[in-house]
Structures are given as structure tokens and as C-alpha cells.
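Single-structure report; data block below.
Here the structure is a predicted model, which is why all the values come from computation and not from measurement.
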Amino acid sequence: MQSDEHNVSFPQPSLPPPDSANTRTSWTARSSSSTGVTSKPLLGSDPSTSLCTCLYSDILTGSSVTNDPFDYEQKYAPDEEYEEMSPKARVYRVYVDESTKFDREMVNGWREALDVLLVFAALFSAVVTTFVTQTCQSLQVDQAQVGNSLLSEMIGIQRTMLLVMVHGPEAVKVVQPALTSFPTNVSDFWVNGLWFASLGLSLATTLLVVLAKQWIHQYTLIQAGSPRDHSRIRHFRYMALQKWHVPLIIELLPVLMHAALGLFFLGLIIYLCSL
């Protein structure tokens, strides 16, 4: 007689329908936060099945999986009818938020670059001034040489008077005193000219940096008023920056410092070669 143990069939567990409350309770767990309701899979469950179940549950409940920080329709309440262009309309508040983020990044980059450039220009100007103070003396008349020249002329006059007293005026030849010239080296003119030009560019860069920082300070001043007033004032200031080419001026300031450095090193090379 053949055993019936092979013919025994075990009942298969039936899964509840997707929209039942038991499925959502067994496969997902809801956690509420300040931004909204999010779904999390329970430990020990299949990740793919849990993800599908979470997404399906989110669709059923109408909740969002992620909270978009740039969703201004969710951040700001819609305007009332015929109030779309009011002083506190949503379009102005959105413009203020976006322009504030843009201006913050732009101004912070400018301030960091200008602070570094200002410190470097001040130190460089002090160094160049020290060199110029020492080398500009070569362009002036040497007082010791002038004294030696006058002393030589006095000795010559006394010698002439002695000859007149001994041999008479006929024995003395009239000699016109030669004007003593004080020659200067051509390299001194080049060195001082290059270093003075370098110092001028460095000081001009410092002045422009200070002006640029004042422009930025005025640009970031907060004015009282409605979001519409803030939007108009910000747009007016930004267009003024573009009209006066402030971004271009800030970008050209490092070029001026590079030119000042180049002139200084060129003068230093000439000075060392003339030693």
C-alpha cells in the first residue's frame, strides 16, 4: 500500500491586497517630522518590496517622498485673487530669496579676494618704499663731492695769488675755472623709475580695493519695506554695479598687482647687475 505522505498539500499563505491596512502596517513604518510624513522600511524585510510598498503607500496617502527646498509653492501660500502683484506677493518673496542666495555667494567671494589683496598690497608697498628710499639718494647731488670741488677751487685761487706775488701778473695765465659736473649712472634712472611705477600701481590697487569694499558694503545694506520694495532696490543696485563695471574692476585688481610685481623685479635685476 502506497503512503499518502507525498500527496499531502500544504496551504499557501495568501498575501493581503495592497490597499489593506495590514500590508502597510507589516511592511512600512510611518515617522512624522517637521517637514512632512516619510516612510521607512522595517528591519528584516526585503528592500525592493519595502521600497515598492513605501512608494505605493505614499501615493495612496498623497505624501511626498522628498521635501524640495526650492518648492516655493509649498513654502509660500498662494496669493489671493487679484493680489498677484501686491507688495507682499509670492513672486516678490521668491525673488528676494533667490537674489539673497546669489548675492551672498557673489559678495563672499569678492570679500575674501579683496581682503587678501589688500593685505598683500599694503605689505608690498612698504617693501618697495624701503628700496626706493635708499636708491633715490643716488639721483641727488653728492654733498661730499661738492665740498671737495669747492676746496680744490680755493686751493687753485691761492696758488694763483702766490704766483702773482712772486713773478708778477705776466707770469700767470688766466685760466677759466671749469664747472664741475656730477655724473649719474643711467641704471639709477631706470631702477628708480621702475620702482616708483611699481609703488604707484600698488598704491592705486590699495585705493581701488578700499573703494570696492565700500561699494560692496552699500550693496548689501538691508532696507526696510515690503518684499516688492526689496526686489526693486536690489535690482537697482545690481544694475548700478553692472553699469559701473564693478565686477570687471575687481577682476582687474590682481592684474595691477602682477604688473607692480613685474616692474619691481625688473628694477631689482637692473640694480643687481649694476653693482
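Here the side chains of V191 and F131 are not in contact, with every heavy-atom distance at 4.5 Å or above. No side-chain heavy atom of Q214 sits under 4.5 Å from any side-chain heavy atom of Q218. The closest side-chain heavy-atom distance from V246 to I216 is not below 4.5 Å. Looking only at side-chain heavy atoms (C-beta outward), L272 and L275 come within less than 4.5 Å of each other. In this structure the side chain of L268 reaches within 4.5 angstrom of the side chain of W195, judged on heavy atoms. Within the 4.5 Å cutoff, no side-chain heavy atoms of V209 are placed close to those of M257. The side-chain heavy atoms of L203 and L207, taken from C-beta on, include no pair separated by under 4.5 Å. Looking at heavy atoms from C-beta onward, L252 lies out of side-chain contact with L208 at the 4.5 angstrom threshold.
The closest side-chain donor-acceptor pair between T100 and D97, if any, does not fall under 3.5 angstrom. Y238 and D103 share no side-chain donor-acceptor pair at under 3.5 Å.
Of all heavy-atom pairs spanning S138 and N192, the tightest one is OG-ND2, 3.9 Å. Across all their heavy atoms, S125 and L199 have their closest contact at O-CD1, 3.7 Å. Considering every non-hydrogen atom in both S231 and Y92, the closest pair reads OG-O, 3.5 Å. Here the closest heavy-atom approach between residue L263 and residue A197 is recorded as CD1-CB, 3.8 Å. Across every non-hydrogen atom of P254 and L117, the tightest pair is N-CD2, 4.0 Å. Taking each heavy atom of L241 and P247 in turn, the nearest pair found is O-CD, 3.6 Å.
Distance check, rounded to the nearest 0.5 Å: CG of L211 to OG1 of T206 gives 11.0 Å. The distance from atom OG of S99 to atom NE2 of H235, rounded to the nearest 0.5 Å, is 11.0 Å. From R232, atom CZ reaches atom CZ of R228 across 4.5 Å, with rounding to the nearest 0.5 Å. Atoms CH2 and CZ, from W215 and R237 in turn, are 15.5 Å apart once rounded to the nearest 0.5 Å. Within the model, atoms OH of Y219 and CD1 of I233 stand 12.0 Å from one another, a figure rounded to the nearest 0.5 Å. The distance from atom CG of L256 to atom OG1 of T205, rounded to the nearest 0.5 Å, is 4.5 Å.
Residues meeting the side chain to side chain donor-acceptor pair (under 3.5 Å) test with Y271, sequence neighbours left out: none. Scanning for side chain to side chain donor-acceptor pair (under 3.5 Å) contacts around S187 gives N185, with sequence neighbours left out.
Hydrophobic clustering of Ile, Leu, Val, Met, Phe, Trp and Tyr side chains at less than 4.5 Å, counting indirect connections, unites V127 with I270. The cluster map of Ile, Leu, Val, Met, Phe, Trp and Tyr, joined by side-chain heavy atoms under 4.5 Å apart, puts W110 and W244 in the same cluster. Under the 4.5 Å side-chain heavy-atom criterion for grouping Ile, Leu, Val, Met, Phe, Trp and Tyr, V128 is connected to F196 within one hydrophobic cluster. Tracing side-chain contacts under 4.5 Å through hydrophobic residues (I, L, V, M, F, W, Y), one never reaches I249 starting from V255; they form parts of separate clusters. Linking Ile, Leu, Val, Met, Phe, Trp and Tyr residues whenever their side-chain heavy atoms come within less than 4.5 Å places L194 and V186 in a single cluster.
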- Could you walk me through whether V119 and L123 pass the side chain to side chain contact (heavy atoms under 4.5 Å, CB included) test, one step at a time? CA-CA 6 Å; V119 174; L123 295 177; 4.2 Å; yes

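Proximity of a side-chain donor or acceptor of S202 to a complementary backbone N or O of S198 within less than 3.5 Å is not detected.
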